[in-house]
Chemist: 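Structure provided below as structure tokens; questions to follow.
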Amino acid sequence: MILIPILALVIGILIPYFLKIGPLQGITGQYLAVACLAGLDTVCGGIRTGLEEKFNSAVFYSGFVFNICIAFGLAWFGDRIGINLFLIAALVLGQRIFSNLSIIRRQILTKWRSDRERKAAQLQAQTQNQPQANP
């Protein structure tokens, strides 16, 4: 289940690469950038909840669309009132992405350590249960 968001991210990166789409100019680039940050934030949150075994696909998909619409709308509204809310959205989304990535890293390290300790305990139990050879 965790592979779905990772696969979607890879596909999203590869499509523009193979279509040879050049850099977007001006306001369109800002809107797309904030939408991409919102999508990446949702993907990182999906990976985190997958590792916590709390993943819900309905929440993920609705959150993906909703976060992108909110971020896009915030940037658009900021342009209309003359305030660059794009930077605020980018700052908040960036902070959330780094927070999710740090939680993901901690969960992976904790799982790796517990697996390693469990294997070491199993190996130790096996060596203790083996009969000793008498010379």
Side-chain angles (χ1 to χ4, degrees):
M1 193 53 98
I2 196 169
L3 293 176
I4 293 172
I6 294 171
L7 182 64
L9 180 63
V10 169
I11 289 171
I13 291 170
L14 293 177
I15 287 173
Y17 178 76
F18 286 115
L19 292 178
K20 305 291 187 210
I21 297 174
L24 297 174
Q25 302 299 324
I27 206 72
T28 306
Q30 284 185 349
Y31 289 155
L32 185 59
V34 77
C36 287
L37 280 174
L40 184 60
D41 172 50
T42 306
V43 168
C44 289
I47 293 170
R48 188 193 80 215
T49 57
L51 289 172
E52 293 171 348
E53 298 179 1
K54 298 178 183 176
F55 185 80
N56 183 335
S57 60
V59 172
F60 175 76
Y61 295 131
S62 64
F64 189 82
V65 172
F66 191 71
N67 286 350
I68 289 174
C69 290
I70 291 290
F72 186 86
L74 186 64
W76 177 81
F77 182 67
D79 283 341
R80 297 297 170 248
I81 62 174
I83 299 173
N84 197 355
L85 295 178
F86 162 77
L87 294 175
I88 294 169
L91 181 68
V92 169
L93 291 169
Q95 186 273 330
R96 286 175 45 110
I97 290 168
F98 279 111
S99 176
N100 281 332
L101 288 176
S102 69
I103 291 169
I104 290 167
R105 177 186 48 84
R106 255 185 261 123
Q107 288 176 344
I108 290 172
L109 285 174
T110 301
K111 184 176 180 181
W112 178 72
R113 282 184 182 158
S114 65
D115 286 347
R116 194 173 71 176
E117 289 171 359
R118 182 181 46 82
K119 287 179 184 178
Q122 286 176 348
L123 181 64
Q124 184 179 14
Q126 286 176 356
T127 57
Q128 288 177 352
N129 290 338
Q130 290 178 353
Q132 297 286 332
N134 290 332

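Count residues from 1 along the sequence. Side chains included, hydrogens not; waters and symmetry mates left out as well; all remaining heavy atoms used.
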Chemist: Determine whether Gln95 and Ser99 make a side-chain contact, defined as any pair of heavy atoms from C-beta on separated by less than 4.5 Å.
Modeler: yes

Chemist: Looking only at non-hydrogen atoms, find the nearest pair between Ala71 and Leu93 and report the distance.
Modeler: CB-CD1, 4.2 Å

Chemist: Between the side chain of Thr49 and the main-chain N/O of Gly45, is any donor-acceptor distance below 3.5 Å?
Modeler: yes

Chemist: For Glu53, does the CD atom have more than 12 heavy-atom neighbours from other residues, nucleotides or ligands under 6.0 Å away?
Modeler: no

Chemist: Could you go through the side chain to side chain contact (heavy atoms under 4.5 Å, CB included) check for Ile6 and Ile47 one step at a time?
Modeler: CA-CA 8 Å; Ile6 294 171; Ile47 293 170; 3.8 Å; yes

Chemist: With side chains defined as the heavy atoms from C-beta onward, is the minimum distance between Gln126 and Leu123 less than 4.5 Å?
Modeler: yes

Chemist: Is there a side chain to side chain contact (heavy atoms under 4.5 Å, CB included) between Lys111 and Leu51? Walk through the geometry before answering.
Modeler: CA-CA 10 Å; Lys111 184 176 180 181; Leu51 289 172; 5.9 Å; no

Chemist: Are Ile68 and Phe64 packed together at the side-chain level, in the sense that at least one heavy-atom pair is separated by less than 4.5 angstrom?
Modeler: yes

Chemist: Decide if atom CZ of Arg113 counts as having more than 12 heavy atoms of other residues, nucleotides or ligands within a radius under 6.0 Å.
Modeler: no

Chemist: So, for Cys44 and Ile104, which heavy atoms are closest and what is the spacing to 0.1 Å?
Modeler: O-CD1, 3.5 Å

Chemist: Looking at every non-hydrogen atom in both residues, tell me the closest pair between Asn84 and Gln30 and how far apart they are.
Modeler: OD1-OE1, 4.4 Å

Chemist: Do Tyr31 and Asp79 come within less than 4.5 Å of each other through their side chains, counting heavy atoms only?
Modeler: yes

